[in-house]
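Following: one structure in structure tokens, then a few remarks.
Computed from a predicted structure; not experimentally measured. Protein chains get the first letters and strands the later ones, always in sequence-line order, with residue 1 at the start of each. All heavy atoms count here, side chains included; hydrogens, waters and symmetry mates do not.
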2 protein chains.
Amino acid sequence: MRDLAVCASLPPQEVDSLERYVSSMELQANAELARAGQPCRQAYSVTSGMLRLVRTLADARRQVVAFVLPGHFVGLTEHVVHRQSIEAVVPSRVCAFELDGIRDLRQRFPGFEHSLLERACRDLDDAHDAMLLLARLSPLERLASFLLRLRGQMKIREDDPRMALPMGRGDIADHLGLTVETVSRSFTRLREQGVIALPDPQHVEILDAGALSELASALR
Amino acid sequence: MRDLAVCASLPPQEVDSLERYVSSMELQANAELARAGQPCRQAYSVTSGMLRLVRTLADARRQVVAFVLPGHFVGLTEHVVHRQSIEAVVPSRVCAFELDGIRDLRQRFPGFEHSLLERACRDLDDAHDAMLLLARLSPLERLASFLLRLRGQMKIREDDPRMALPMGRGDIADHLGLTVETVSRSFTRLREQGVIALPDPQHVEILDAGALSELASALR
DNA sequence: CGATCCGTTGAAAGAAGTCAAAATCGGTGG
DNA sequence: CCACCGATTTTGACTTCTTTCAACGGATCG
């Protein structure tokens, strides 16, 4: 609890007061934490596993707006109802904060609000990166950027070339604005070029980090 | 000055203290307020005209991340250097806030920080909309969404079908992730379908608002 | 052991991009 | 006021790349 990023800005003795508004939840894979259209009641901090934020159009076109990894925070919004659903990619554990409680804490501890604002600014910047990726990068470039960014978010030792891809190809496709087929083809092209290895669909090994960054074309 | 959205949350007598950190600036069309890579010193509030936030790749691929209209606020970031340039679309006037001053005010007036956070949450939500648009909408749908969103941001009387498009086709293309040619073709398709009229390239008249919203396919 | 889901691969179709040229607009100077 | 020049927009023909449609292989689960 005290390890949560959002709590770092609260006076230690006040973390207890936070606990009144918090409950821990276990989620199984593909469980829905929130659904688009529902009223917003809670915000969430991921403890383990991985979440996805999904916007869906009436005709089922989907966009995975973000993957949320442990230590990150979602659900803070100015809207009354959710505009996106929040789902578990794999079995996960989250802390749920009552939004009322958050509002209270925000008022009482400026430092708390401050760190929420910092987080929001970073998220906004990430979203802008994603926009450039979706608007202007080729499928190969998108996949390379995605792999590098995901790797950056997971805490992996520099020297370990292996990384897990917990999400399925469909989620990657809906995150990168492509089809599953193009995602799959892009993976195999990277493999054929010797940039990565694919022991199995859920694991990538980065063989040529230089080539991968090259492809990511200076996105970050 | 007192009319600025960001100031509404400050106690009236403190707006004066804000003024110490503020200077008003006139910009001619295409002037650069900030350039990617430069250190961040100021944030800006637009008084008149229009700005654009632009991310550029090494090979000159461009993404207009957002157009900024009067009353809106840009430049608040957690980064030390700008990741995007800020440029005037047309002759504009802005208020420049020293970031140091902002930091000071944020500490002294929780309500100020609060409204900055609200703004950031809204911007993040907008960016997520933009991601869905870039990832999954057809050129025609993107243009329809863009026109309706822009119209919503400008304060135009409901019953006035006319609206101005201050930015060039190139900016629209780089905002929607298309080429100028496809943007132009999309405009003419909308015209041929009787959805809009184009008195000249810088002005649109919305003839069939229903059809336009239909095309925008429930994006907002 | 069969059914289902997921990922991969192949062939075909279609949509946006590229290249090139014509048309229009706006501003300048005669 | 008009003519001209450059920049922007529009249009056309063609190419390219992603999507679409279809089928196959492998893994998982009842």
Closest heavy-atom pair, A/L165 versus A/P201, reported as atoms and distance to 0.1 Å, is CD1-O, 4.2 Å
Is A/T179 near enough to D/dT18 that one of its side-chain N or O atoms lies under 4.0 angstrom from OP1 or OP2?
no
All pairs passing salt bridge (charged side-chain N to carboxylate O under 4.0 Å, His left out) where residues 187-196 of chain B contributes a residue, at least two apart:
none
Which letters describe nucleotides 6-17 of chain D, given B = protein heavy atom under 4.0 Å from base, S = only from sugar-phosphate, - = neither?
---SBBBB----
Give the rounded distance in Å between these two atoms: CZ of B/R136 and C1' of C/dA15.
15 Å
Using whole Å, report how far CZ of B/R189 lies from C1' of C/dA16.
12 Å
For residues 131-143 of chain B, the side-chain hydrogen bond (donor to acceptor under 3.5 Å, both in side chains) pairs (sequence neighbours left out) are A/R61-B/E141, A/D174-B/R136, B/S138-B/E141
Heavy atoms of B/A127 and A/H128 approach each other most closely as CB-CD2, 4.3 Å
Evaluate side chain to side chain donor-acceptor pair (under 3.5 Å) for A/Q63 paired with A/R55, printing each intermediate quantity in order.
CA-CA 5 Å; A/Q63 168 67 9; A/R55 298 211 170 181; over 6 Å; no
In whole angstroms, the gap separating C1' of C/dT8 from CG of A/L190 amounts to 15 Å
Assess whether side-chain contact (heavy atoms from CB on, under 4.5 Å) is satisfied between B/L33 and B/L27, documenting all intermediate values.
CA-CA 8 Å; B/L33 254 183; B/L27 300 169; 3.7 Å; yes
In this structure, how many angstroms lie between the P atom of D/dT19 and the CG atom of A/D174, rounded?
11 Å
Interatomic distance, A/R61 CZ vs D/dT20 P [rounded to whole Å]
10 Å
Expressed in angstrom and rounded to an integer, what is the separation of A/L134 atom CG from D/dT18 atom P?
14 Å
